[in-house]
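As structure tokens, the structure follows; a few thoughts come after it.
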Amino acid sequence: MQWSRVKSILIMILLLIDGFLIVNIAGKYVSNYYRAAETAHNITEILERRGIRQGELFALPETHTLPVLQIDRSRADEDRFAAGLLGQELVRTEQPDGGTVYYESAQGVLNWRDGGVVSGTLRPVGYVRPQDAATAQTYAREILKAAGISASVDWACEDAGVVVTASFPTAGVPVFNRTLTLIFREQDVEVAGWWTFGMPYITKSGNYVAFSATDALFNLISKNEVTEIDKMELGFLLSESGGGRVQMTPGWRVETNAGSFFVDSLKKSSVSV
């Protein structure tokens, strides 16, 4: 048999295999599309029967798997944070149980509580209250950079720049209550929030959770009085797990007319966020 003939036969076989794969993939794609469309239609009917509207931009998200993570409290990073805001001449006082640490200097006061909750008031040298959002964000970036917080965090401004909030994602999704908020007042700056340092980790193998948006939505509406669903977003929520450790639990944040709720993937419960 001539080589050219063999080559033609091999090409035909490869084309047939490629065609089969394309048809198979396309079939799965079409099947998934119609399944998702049917699910969305069924959800719409169920919500309408309960008298719940869907916002104009609402779309049911796809299910993704996220791990349950842990983060250890870092006293060294908290000390550096405080020194960056209050100066190296600060006075550090720790409670006997070690749960709360207080810092004080001529530039203000600050405290870190167990689990990574921080609050305080700063009086920066030459402080002038910012008059617009852009100036406030720049000021907030400089303050947190001095405290060792990366400039790569996400920023949000409210009240014409009087309030600036910093946050950063983990595993490509938001951590809804891990934020630092700076409120620019006339004479000083208030700092408050819940923050973590270091790398989160998994404590046991296979500690992953797949919690569908559909299940989270039905869980929410069965326990809360809402009349409109506007948005759903997958992410983490911080919670204290004892011993200076913080747990990051995956779940869904649901924006409704009655407020924002987080549906916990482990406890299957919802809390306001």
* Got N207 and P67 here, is their nearest side-chain heavy-atom distance under 4.5 Å? -> no
* **Chi angles and distances behind the side chain to side chain contact (heavy atoms under 4.5 Å, CB included) call for D188, L122** => CA-CA 6 Å; D188 52 31; L122 314 176; 6.0 Å; no
* Tell me, please, whether F211 has K268 positioned over its six-membered ring: NZ or CZ under 6.0 Å from the ring centre and within 45 degrees of its axis? => yes
* Asked: With a 4.0 Å cut-off, would you call E104 and R92 a salt bridge?
  -> no
* For the residue pair Y139 and F184, is the inter-centroid distance of their aromatic rings smaller than 6.0 Å? -> yes
* Asked: Ignoring hydrogens and geometry, is there a side-chain-to-backbone donor-acceptor pair from Q131 to R129 under 3.5 Å?
  -> yes
* To do: Answer yes or no: is there a donor N or O on one side and an acceptor on the other, between the side chain of S212 and the main chain of T63, under 3.5 Å?
  => no
* Side-chain contact, heavy-atom cut-off 4.5 Å: V175 with W195? -> no
* Side chains of T256 and D230: do they bring a donor and an acceptor to under 3.5 Å? -> no
* To do: Evaluate the side-chain proximity of I183 to V189: yes if any heavy-atom separation is below 4.5 Å, no if none is.
  => no
* Asked: Checking salt bridge (charged side-chain N to carboxylate O under 4.0 Å, His left out) for the pair R75/E94: CA distance, chi angles, key distance, verdict?
  -> CA-CA 11 Å; R75 302 299 180 88; E94 185 172 329; 3.5 Å; yes
* Between the side chains of S119 and R113, is a donor N or O closer than 3.5 angstrom to an acceptor N or O? -> yes
* Note, E78 side chain near R73 side chain (heavy atom, < 4.5 Å) -> yes
* Nearest 0.5 Å, what's the CG-CH2 distance between N177 and W194? -> 5.5 Å
* First locate atom CZ of F176, then atom CZ of F261, and finally report the distance between them rounded to the nearest 0.5 Å. => 14.0 Å
* Can you tell me how far the CG atom of L85 sits from the CG atom of L90, to the nearest 0.5 Å? -> 10.0 Å
* Is there a path from V173 to M248 through hydrophobic residues (I, L, V, M, F, W, Y) whose side chains come within less than 4.5 Å of each other? -> yes
* Scan side-chain atoms only and decide if D264 and S270 contain a donor-acceptor pair under the 3.5 Å cut-off. => no
* To do: Scan side-chain atoms only and decide if R178 and T196 contain a donor-acceptor pair under the 3.5 Å cut-off.
  => yes
* Is it true that R245 and E240 have a side-chain N and a carboxylate O under 4.0 angstrom from each other? -> no
* **Any side-chain donor near an acceptor of the partner, T249 and Q247, under 3.5 Å** => yes
* Centroid-to-centroid, F197 to W112, below 6.0 Å? -> yes
* Let me see the working for C157 and Q137 under side chain to side chain contact (heavy atoms under 4.5 Å, CB included), right down to the final yes or no. => CA-CA 7 Å; C157 295; Q137 182 172 316; 3.8 Å; yes
